[in-house]
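Here the structure is laid out as structure tokens; the discussion comes afterwards.
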Amino acid sequence: MHVVSETLLASVSDTTTPQGIVVLAERPRTDGDAFAAKLAGEALPLLVILHGISNPANAGSVLRAAEAAGACGAVAVKNTADLFSPKALRGAMGSSLRLPIWMSPAFADVVAWCNRRELRVICSDTRARQTYTEFDWRERSLSRRR
């Protein structure tokens, strides 16, 4: 730990009014292999896929909500905000360091990855006939219902 002047703190911070602390940390691996390895013990993984979320603060908030809801990992497909940008890290409030994250795969690759593991891919829709609280999240795959 090092105490620095307010001027130096302001020069290394990305906010106009820094909170008084700067932390340097190694970024965790976010490739598909590392993601799969971290999920290896999960019998029924609940994952959140972020698709095209451009606002990093919103992306961070999604991570925070996902962890609170019991998700065990998150995928940020191409053209989604960097989940390790300063604004996303603030919005996630630590979730980005606790959840396994897979960054920048193509959406089709993520869907194929889920299909190989018999995981359903569920999308939100403003015209949905069912709310998320009415949905049975415990079912692993649509193929098991057939």
Side-chain angles (χ1 to χ4, degrees), residues 4 8-146:
V4 298
L8 180 57
L9 180 65
S11 73
V12 297
S13 175
D14 71 314
T15 60
T16 1
T17 53
Q19 297 297 309
I21 186 168
V22 174
V23 176
L24 300 176
E26 185 176 341
R27 186 177 180 141
R29 281 185 54 199
T30 57
D31 57 276
D33 291 338
F35 182 74
K38 289 176 184 174
L39 294 178
E42 293 291 336
L44 182 59
L46 174 61
L47 307 173
V48 171
I49 301 170
L50 294 87
H51 185 272
I53 298 177
S54 58
N55 182 315
N58 290 346
S61 295
V62 169
L63 282 184
R64 187 174 74 238
E67 183 184 29
C72 58
V75 181
V77 301
K78 287 181 184 176
N79 301 318
T80 295
D82 179 3
L83 299 181
F84 292 93
S85 71
K87 287 183 180 181
L89 287 170
R90 277 195 304 279
M93 298 185 72
S95 294
S96 42
L97 301 174
R98 290 186 293 269
L99 289 175
I101 295 175
W102 182 8
M103 294 283 296
S104 299
F107 182 71
D109 293 340
V110 176
V111 172
W113 186 90
C114 290
N115 286 338
R116 285 192 302 275
R117 288 158 180 80
E118 296 185 324
L119 298 173
R120 287 187 292 178
V121 176
I122 310 300
C123 299
S124 61
D125 187 329
T126 56
R127 300 171 307 240
R129 296 182 188 159
Q130 194 175 30
T131 67
Y132 76 96
T133 56
E134 297 169 325
F135 191 81
D136 186 358
W137 295 97
R138 297 168 295 175
E139 289 186 40
R140 181 179 189 96
S141 173
L142 291 172
S143 64
R144 301 246 173 144
R145 281 204 230 166
R146 294 181 185 150

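What you see is a predicted model, and the numbers here were worked out from it, not measured in a lab.
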I'd like a table of donor-acceptor pairs (distance under 3.5 Å, sequence neighbours excluded) in which one partner is a side-chain atom from residues 84-95, with atom names and distances.
| residue | atom | partner | partner atom | Å |
| --- | --- | --- | --- | --- |
| Ser85 | OG | Asp82 | O | 3.2 |
| Ser85 | OG | Ala88 | N | 3.4 |
| Arg90 | NH1 | Asp14 | OD1 | 3.4 |
| Ser95 | OG | Glu67 | OE1 | 2.5 |
| Ser95 | OG | Ala92 | O | 3.2 |

Without placing hydrogens or testing angles, list every side-chain donor-acceptor pair under 3.5 Å for residues 45-60, not counting sequence neighbours.
| residue | atom | partner | partner atom | Å |
| --- | --- | --- | --- | --- |
| Asn55 | OD1 | Ala57 | N | 2.8 |
| Asn55 | OD1 | Asn58 | N | 3.2 |

Practice problem: Could you go through the side-chain contact (heavy atoms from CB on, under 4.5 Å) check for Leu63 and Ile101 one step at a time? | Solution: CA-CA 10 Å; Leu63 282 184; Ile101 295 175; 3.9 Å; yes
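Remark: Asp31 engages Arg29, Asp33, Ala34 in a side-chain contact (heavy atoms from CB on, under 4.5 Å) (not counting sequence neighbours). Remark: Phe35 pairs with Trp102, Trp113 by the ring pair (Phe, Tyr, Trp, His ring centres under 6.0 Å) rule, at least two apart or across chains. Residues satisfying the side chain to side chain donor-acceptor pair (under 3.5 Å) criterion with Thr16, sequence neighbours excluded, are absent altogether. With sequence neighbours excluded, the residues that form a side-chain contact (heavy atoms from CB on, under 4.5 Å) with Gln130 are Glu134, Phe135.
Atom CG of Leu119 sits about 7.5 Å away from atom CZ of Arg117, to the nearest 0.5 Å. Atom-to-atom distance recorded for Thr80:OG1 and Phe107:CZ is 10.0 Å, nearest 0.5 angstrom. Atom CG of Leu8 sits about 11.0 Å away from atom OG of Ser13, to the nearest 0.5 Å.
Shortest non-hydrogen contact noted between Leu99 and Gly73 is CD2-N, 4.0 Å. The minimum heavy-atom distance linking Met103 with Ala81 is given by the pair CE-O, 4.3 Å.
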